[in-house]
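So the structure is just underneath, and the comments pick up after that.
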Amino acid sequence: MVHKSREVLFEKIRRAEREQGLSGRELAARFKVSRNTVKVALASPVPPKRKSPPPRASVLDPVKGFIDAMLRDDLEAPAKQRHTVVRVMERLAAEHDFELAGSTTVYDYVARRRPEIRAEMSEGRRHLDGMVPQLKRPGEEAEVDFADFWLDLAGQRRKCVLFTLRMSYSGKAVHRVYATPSQEAFLEGHLDAFTALGGVPSVHIRYDNLKPAVKQVLFGRSRIESSRWASFKSWYQFSAFYCAPGVDGAHEKGGVEHEGGRFRRKHLVPPPQVESLAELNERLAAIDVAEDARHVHGRPTSIGFDFEAEKELLRPLPADDFDCGIDLTPTVARNSRITVRQGYYSVPAKFIGSKVRVKLRANELWVFDGRQVVARHPRLTRRYAYHDFLDHYLEVLLVKPGAFAGASALAQARAEGGFTKVHEAFWAAAKAKCGDREGTRMLIEVLLLHRQLPSEALVAAMETCLRIGSVSTDLVAIEARKAMEGTDDEDAERLTGPEPDAGAGPAGTQDAGARVISLHTRRLPADARPALPDMSKYDRLLTPVADRQQQKGHGA
């Protein structure tokens, strides 16, 4: 049966009575309603509103006043020290001996009464909470914020942060990705953004109370800033505007709050797959340039067009960039590692027991020996994590080759692709031919060649040596240098002579063995002099000594 509204029913009753002249009893029988409903329908074409039933008595009626008093006290209490439903029930049981209501009943009442009490308390005030649209002027203001997101970095799912700086007038935004929301990332994000924009906002930049900038929140807009952040602001000559704490402060920089979420949903879904954060930042820089053609909602002109109007009004950049990294001097432990921010990084073994200078940056860590960089690591984000390079332990492994197979640096080199299948095959062949200890040493000597020769040339050289059944380290070095010089088969044939023809061997078949190719003979440059010098004057010095003595005696 199709449900009919009361309006439709009343219209049919009135039409049947008007056109057919049916009585009240007949109308009630036809439409299967009571005679009282027919009477009401004939009296008025608009059905009367249904009467609401009287409210049922609630089990909370005896304690509603006490609950309301708790919620009123919460209006003046700190944000993290307000009553929860569990705490309300505990106080009702302890102070009023009331345990009749369940948690759902109390939760529904608190959820309904809390906003009502907040509205009741604000009725007597002269001001109202709301938002006032603002007019932004070109080149004056910007907004900054961090946003979390996930990505697949070198095959592993990791959580990183998206730094966003957005110009308030044009909507031009610069996005960069960093491993952690550290102070180094905070400063480096500003530096990259200022470089991309070509200047600095002339009035101020809006922030919430980020830890890299603010050490303590004081009354009103006053803040105690970190020393490096204060130096950075002084370097680039701009001011910081700190928003109010909590949700209310988010509305004061709503542009960057919306921009971070929009950019994450549009360009970081699904989670990007990259080998390094530098690769992802290059991709984001290209996206920022492409988004200059985008239009902000309600504007007829594009972001790039509006930014051209404010680009000339930005404060110019200083001649030198601010050093966003921090310098540290940790001591190298016996395991050839240094500890920085509860993360472990390997350094060359020759520095064991000494102090090294470290530059900790947003996404990298550099280790220096004087002015030379001796190690570069990706910045670690988890406590007690480690990152080792196999090359740093090779001198130690020459003395302790038995530790090579279980070295954490070897496992990491395999995971990162530095220790290839060709290395594995060469190692297995060397151990089969010379034993585990000497075979491992031969592999380590080959790994030491990576410091002077390109990896591609060494891998090709090892493949060549494996084809001819040799595991000689010297031959690997020779073949690697040949690969670097590009010696081809035609050049090799010219140096060593043509291959023997089929049937030239003693059995009448071609020799299937490998052919050893010598190195290039060193070719001296041609003598640029037109003729050889006259050496006759020096021939007298070659006269035997005895003849000269005899001539001397004859003259006496």
Side-chain angles (χ1 to χ4, degrees), residues 3 5-6 36 40 47-132 145-150 159 161 181 206-224 241-254 256-258 260-261 264 383:
H3 175 73
S5 64
R6 288 169 58 84
N36 186 42
V40 173
K49 293 183 179 180
R50 296 183 181 273
K51 296 181 179 179
S52 300
R56 293 189 306 170
S58 173
V59 70
L60 289 177
D61 286 343
V63 293
K64 284 183 177 179
F66 302 115
I67 298 176
D68 292 350
M70 298 179 196
L71 299 181
R72 290 189 180 93
D73 293 339
D74 284 347
L75 297 178
E76 304 297 334
K80 296 184 178 180
Q81 291 179 256
R82 295 174 182 173
H83 288 84
T84 62
V85 173
V86 175
R87 182 55 182 158
V88 169
M89 296 179 66
E90 290 176 352
R91 289 193 60 184
L92 291 177
E95 300 176 11
H96 305 284
D97 195 21
F98 181 83
E99 298 180 351
L100 299 178
S103 58
T104 303
T105 303
V106 179
Y107 177 84
D108 292 341
Y109 181 78
V110 171
R112 178 174 58 86
R113 283 294 293 162
R114 196 186 293 274
E116 293 176 354
I117 291 176
R118 187 181 298 111
E120 293 172 1
M121 296 296 292
S122 62
E123 283 182 359
R125 299 178 182 175
R126 292 186 177 181
H127 67 274
L128 297 175
D129 292 333
M131 298 177 60
V132 179
D145 198 14
F146 276 125
D148 297 335
F149 78 102
W150 292 84
K159 182 180 180 181
V161 294
R206 294 176 179 265
Y207 305 91
D208 53 17
N209 302 283
L210 298 168
K211 289 184 178 180
V214 176
K215 295 175 63 176
Q216 185 178 355
V217 178
L218 302 179
F219 182 76
R221 303 284 180 181
S222 301
R223 305 290 187 270
I224 297 180
F241 179 92
Y242 296 108
C243 302
V247 180
D248 295 337
H251 298 298
E252 297 181 355
K253 58 180 185 65
V256 73
E257 294 279 353
H258 170 75
R264 179 172 52 194
R383 292 193 303 171

Quiz item: Salt bridge check: are Glu120 and Arg113 linked by an N-O gap of less than 4.0 Å?
Solution: yes

Self-check item: Nearest heavy-atom neighbours spanning Pro115 and Ala111
Solution: CD-O, 3.2 Å

Quiz prompt | Least distance between heavy atoms, Pro212 atom then Pro181 atom | solution = CG-O, 3.5 Å

Quiz item: Honestly, is Arg264 close enough over Phe149, meaning NZ or CZ under 6.0 Å from the six-membered ring centre and within 45° of the axis?
Solution: no

Quiz prompt | Rounded distance (nearest 0.5 Å) linking atom CG of Leu71 with atom CD of Glu116 | solution = 10.5 Å

Self-check item: Spatial distance of atom OH (Tyr207) from atom CG (Asp145) [nearest 0.5 Å]
Solution: 11.0 Å

Practice problem: Under the side chain to side chain contact (heavy atoms under 4.5 Å, CB included) rule, what do Tyr109 and Ile67 come out as? Steps first, then yes or no, please. | Solution: CA-CA 9 Å; Tyr109 181 78; Ile67 298 176; 3.8 Å; yes

Practice problem: Give the minimum heavy-atom separation between Pro48 and Val40, together with the two atoms involved. | Solution: CD-CG1, 3.9 Å

Quiz item: Is there side-chain contact between Leu92 and Met70, with heavy atoms separated by less than 4.5 Å?
Solution: yes

Quiz item: Would you say Val214 and Ile224 make side-chain contact, with heavy atoms under 4.5 Å?
Solution: no

Quiz item: Rounded to the nearest 0.5 Å, how far does CG of Leu75 lie from CG of Asp73?
Solution: 8.5 Å

Quiz item: If you measure from CD on Glu95 to CZ on Phe66, what distance do you get to the nearest 0.5 Å?
Solution: 9.5 Å

Quiz item: Without hydrogens or angle criteria, can the side chains of Arg91 and His96 be said to hold a donor-acceptor pair below 3.5 Å?
Solution: no

Quiz prompt | Donor-acceptor contact below 3.5 Å, side chain Asp74 vs main chain Arg82 | solution = no

Exercise. Inspect the surroundings of NZ in Lys159 and state if more than 12 heavy atoms from other residues, nucleotides or ligands are less than 6.0 Å away.
Key: no

Practice problem: Quick one: closest heavy-atom pair of Ala244 and Asn209, and the distance? | Solution: C-ND2, 4.4 Å

Self-check item: Between CG on residue Leu60 and OG1 on residue Thr105, distance to nearest 0.5 Å
Solution: 6.0 Å

Quiz prompt | Pairwise side-chain contact, His83 with Met89, heavy-atom cut-off 4.5 Å (strictly under) | solution = no

Quiz item: Taking all atoms of both residues into account, what is the closest heavy-atom pair of Cys243 and Arg223, and its distance?
Solution: O-NH2, 3.0 Å

Exercise. Check Val59 against Pro62 and note the closest heavy-atom contact, atom names and distance.
Key: O-CD, 3.4 Å

Quiz item: Quick check: are there more than 12 heavy atoms from other residues, nucleotides or ligands sitting under 6.0 Å from CG of Asp61?
Solution: yes

Quiz item: Is atom CZ of Arg383 surrounded by more than 12 heavy atoms (other residues, nucleotides or ligands) closer than 6.0 Å?
Solution: no

